Novice: 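Sharing a structure here in structure tokens format.
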Amino acid sequence: MQRRTYLVFLGVPGAGKGTQAKLLEESLHLPQVSTGDIFRYNLKNQTELGLLAKSYMDRGDLVPDEVTIKMVEDRLQKPDCAQGAILDGFPRNLVQVTAFDAMVAPYGGVTLVPLINLEDDEAMRRITGRRVCRTCGAVYHVDFNAPKESGICDLDQGELYQRADDAPETVRNRLYVYYKQTGPLIGYYYAHSLLADLDGAQPIEDVQSKLKVLIDKALQR
Ligand code: AP5
Ligand code: MG
Ligand code: ZN
């Protein structure tokens with residue numbers, strides 16, 4: 001079986017996983033697979049999956065593993081994932097890691113796990129200023145990464161909105177869930193020599209260029 005490239009982004013909510021993953025899509029010719037985005041897409045389209053996910057997402061809790069794992073399994077079988085994928089938001093706990101390892105084992109396993117480090121206070125500032133395009137999903141920040149025209153997407157003039165789970169109380173629970181459930185993955189991937197630490201407090205372009213160096217190195221292994 002041919003080797004594929006699988007990147008797994010780790011980092012607190014607001015660390016910049018989505019921002020960095022999206023930027024990599026073009027240069028790596030790999031799709032970003034964001035479980036949060038897929039849930040939000042289903043919610044927008046009022047599918048059964050979307051309605052199920054909503055109650056968990058509104059609280060900042062994880063959607064049940066069974067549902068999430070099945071969803072990712074289906075997504076990774078789509079033709080655009082034939083060379084691999086950039087995972088943003090999955091796996092997120094030890095059950096999901098085990099399932100993911102099994103999914104990617106035939107293709108050489110996980111390539112690299114970029115961990116974007118950021119302090120909680122800064123993550124909170126980023127999340128409360130975040131705005132997302134309703135049509136294309138592009139992510140902005142009112143201060144750090146502002147669109148040319150306030151409230152309007154640079155790429156397709158879509159309307160920018162604030163995510164329902166970006167209220168401060170919900171963000172606090174998302175941080176708690178991250179440390180409790182996703183935190184153990186840092187040790188897991190470190191032990192497998194796959195972890196790549198990044199300083200998420202740097203400007204977006206700087207994080208991206210450091211990331212590219214680390215990925216190039218990993219691809220040569
Ligand atoms: P998800 O959508 O994955 O949210 P999250 O993990 O909380 O992460 P965020 O999207 O908030 O942060 P990010 O790191 O992507 O930051 P971004 O690039 O946008 O999950 C949402 C929910 O879905 C979960 O709570 C759960 O309910 C459910 N779910 C998802 N996956 C699941 C799973 N596997 N299992 C079960 N449930 C699941 O950046 C943030 C802001 O900062 C932006 O405004 C951006 O412009 C700005 N910014 C980014 N980088 C920089 C920088 N370097 N400098 C300045 N500003 C920056
Ligand atoms: Mg995101
Ligand atoms: Zn847009």
Side-chain angles (χ1 to χ4, degrees), residues 4-41 72 75-76 78 80-92 104 110-119 122-123 125-163 166 178 182 185 189 194-221:
R4 296 182 180 179
T5 303
Y6 291 105
L7 303 178
V8 173
F9 274 93
L10 293 181
V12 291
K17 303 182 293 296
T19 301
Q20 296 299 331
K22 196 101 207 132
L23 286 171
L24 282 177
E25 273 192 318
E26 231 174 286
S27 55
L28 293 179
H29 305 290
L30 293 173
Q32 169 198 24
V33 171
S34 160
T35 39
D37 286 354
I38 303 175
F39 286 133
R40 281 184 287 278
Y41 175 84
V72 173
R75 179 67 188 87
L76 292 181
K78 296 270 158 67
D80 63 330
C81 294
Q83 304 300 322
I86 306 167
L87 288 122
D88 159 15
F90 182 90
R92 234 176 163 99
V104 301
V110 172
T111 311
L112 192 73
V113 180
L115 165 63
I116 308 181
N117 292 291
L118 193 71
E119 291 197 4
E122 186 56 25
R125 265 192 291 280
R126 287 193 186 171
I127 289 183
T128 43
R130 168 167 52 199
R131 298 293 182 272
V132 186
C133 174
R134 216 177 269 287
T135 40
C136 77
V139 177
Y140 298 87
H141 189 283
V142 291
D143 300 316
F144 310 141
N145 181 21
K148 292 197 185 79
E149 205 176 325
S150 161
I152 294 170
C153 179
D154 292 349
L155 305 176
D156 60 2
Q157 278 69 53
E159 181 204 354
L160 302 186
Y161 77 104
Q162 194 163 14
R163 267 168 52 175
D166 279 354
Y178 176 81
T182 313
L185 272 57
Y189 284 125
L194 288 169
L195 203 68
D197 263 298
L198 290 154
D199 178 5
Q202 301 293 313
I204 293 173
E205 306 71 40
D206 295 9
V207 178
Q208 181 69 193
S209 56
K210 294 211 173 90
L211 189 54
K212 280 185 172 161
V213 173
L214 294 167
I215 293 170
D216 280 346
K217 244 194 248 170
L219 288 174
Q220 281 158 24
R221 278 204 292 252

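It should be emphasised that the depicted structure is a prediction, and the values quoted were computed from it without experimental measurement.
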Novice: Working note: Leu7 + Leu28, criterion side chain to side chain contact (heavy atoms under 4.5 Å, CB included); need CA distance, chi angles, decisive distance, verdict.
Specialist: CA-CA 11 Å; Leu7 303 178; Leu28 293 179; 3.6 Å; yes
Novice: Given side chains that start at C-beta, do those of Leu24 and Gln32 come closer than 4.5 Å, heavy atoms only?
Specialist: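 A side-chain contact is absent here, since even the closest heavy-atom pair is not under 4.5 Å.
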Novice: Side chain to side chain contact (heavy atoms under 4.5 Å, CB included), that's the test. Do Val8 and Leu194 meet it? Break it down for me.
Specialist: CA-CA 10 Å; Val8 173; Leu194 288 169; over 6 Å; no
Novice: Would the distance check show the side chain of Gln20 and the main-chain N or O of Ile204 forming a donor-acceptor pair, the cut-off being under 3.5 Å?
Specialist: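 Such a contact is found between Gln20 side chain and Ile204 backbone.
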Novice: Can you confirm whether Asp166 sits close enough to Tyr161 that some side-chain heavy atom of one is under 4.5 Å from a side-chain heavy atom of the other?
Specialist: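 Result no, sub-4.5 Å side-chain heavy-atom pair not found.
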Novice: Do the side chain of Asp154 and the main chain of Lys148 share a donor and acceptor less than 3.5 angstrom apart?
Specialist: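 Yes; at least one donor-acceptor contact below 3.5 Å.
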Novice: Contact between Lys78 and Pro31 at the side-chain level, heavy atoms closer than 4.5 Å - yes or no?
Specialist: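 They are not in side-chain contact.
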Novice: Please tell me if the side chains of His141 and Arg131 come closer than 4.5 Å, counting only heavy atoms from C-beta onward.
Specialist: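 The answer is no; the side chains never approach within 4.5 Å.
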Novice: Taking all non-hydrogen atoms of both residues, which atom of Thr128 and which atom of Arg125 are closest, and how far apart?
Specialist: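 Smallest heavy-atom distance, with atoms named: OG1-O, 3.3 Å.
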Novice: Which of these passes side chain to side chain contact (heavy atoms under 4.5 Å, CB included) with Thr111: Ile86, Ile215, Leu219?
Specialist: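 Only match with Thr111 under side chain to side chain contact (heavy atoms under 4.5 Å, CB included): Leu219.
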Novice: Rounded to the nearest 0.5 Å, what's the gap from OG1 on Thr35 to CZ on Arg75? Could you check?
Specialist: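 Thr35 OG1 to Arg75 CZ: 12.0 Å, rounded to 0.5 Å.
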Novice: Of Asp80, Asp88, Ile38, which meets side chain to side chain contact (heavy atoms under 4.5 Å, CB included) against Val33?
Specialist: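 Filter result, single survivor: Ile38.
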Novice: Which pair of heavy atoms, one from Ile152 and one from Pro147, lies closest together, and at what distance?
Specialist: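 Residues Ile152 and Pro147, closest heavy atoms: O-CB, 3.3 Å.
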Novice: Could you pull out the closest heavy-atom pair between Tyr140 and Leu155, with the gap in Å?
Specialist: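 Looking at all heavy atoms of both residues, the closest pair is OH-N, 3.9 Å.
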Novice: Got a second to check how far Gln202's CD is from Asn117's CG, nearest 0.5 Å?
Specialist: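 Answer for the CD-CG pair, Gln202 versus Asn117, is 11.5 Å.
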Novice: Side chains of Val207 and Thr19, heavy atoms from C-beta outward: is any pair under 4.5 Å?
Specialist: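 Val207 vs Thr19: side chains apart.
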Novice: Are Leu185 and Pro91 close enough that some pair of their side-chain heavy atoms sits under 4.5 Å apart?
Specialist: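 Side chain of Leu185 against side chain of Pro91, heavy atoms only: contact under 4.5 Å found.
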Novice: Just checking Tyr41: does its OH atom have more than 12 heavy atoms from other residues, nucleotides or ligands closer to it than 6.0 angstrom?
Specialist: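 Result for OH/Tyr41: open.
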Novice: Atom CG in Leu198, atom CD1 in Ile116: separation rounded to 0.5 Å?
Specialist: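 The distance works out to 6.5 Å.
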Novice: Would you say the side chain of Thr5 lies within less than 4.5 Å of the side chain of His29, judging by non-hydrogen atoms?
Specialist: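 Side-chain contact under 4.5 Å: no.
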Novice: Identify the heavy atoms of Gly158 and Cys133 that sit nearest to each other, and give their distance.
Specialist: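 Shortest heavy-atom contact: CA-SG, 3.8 Å.
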Novice: Show your working on side chain to side chain contact (heavy atoms under 4.5 Å, CB included) between Val104 and Arg4 and close with a plain yes or no.
Specialist: CA-CA 8 Å; Val104 301; Arg4 296 182 180 179; over 6 Å; no
Novice: Are Asp143 and Arg126 ion-paired here, with the side-chain N under 4.0 Å from a carboxylate O?
Specialist: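 Salt bridge flag = no for Arg126 with Asp143.
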Novice: What are the two closest non-hydrogen atoms of Asp206 and Ser209, and how far apart are they?
Specialist: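 The pair with the smallest heavy-atom distance is O-OG, 3.2 Å.
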Novice: Taking all atoms of both residues into account, what is the closest heavy-atom pair of Ala85 and Leu76, and its distance?
Specialist: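 Smallest heavy-atom distance, with atoms named: CB-CD2, 3.8 Å.
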Novice: Tell me if the CD atom of Glu119 is crowded by more than 12 foreign heavy atoms within 6.0 Å.
Specialist: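 Atom CD in Glu119 is not packed in, count stays at 12 or less.
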Novice: Set out, in order, the CA-CA distance, both residues' side-chain angles and the distance that settles side chain to side chain contact (heavy atoms under 4.5 Å, CB included) for Val12 and Lys17, then state yes or no.
Specialist: CA-CA 9 Å; Val12 291; Lys17 303 182 293 296; over 6 Å; no
Novice: Any non-hydrogen side-chain atom of Lys212 less than 4.5 Å from a side-chain atom of Ser27?
Specialist: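 In short, these two side chains touch, coming nearer than 4.5 Å.
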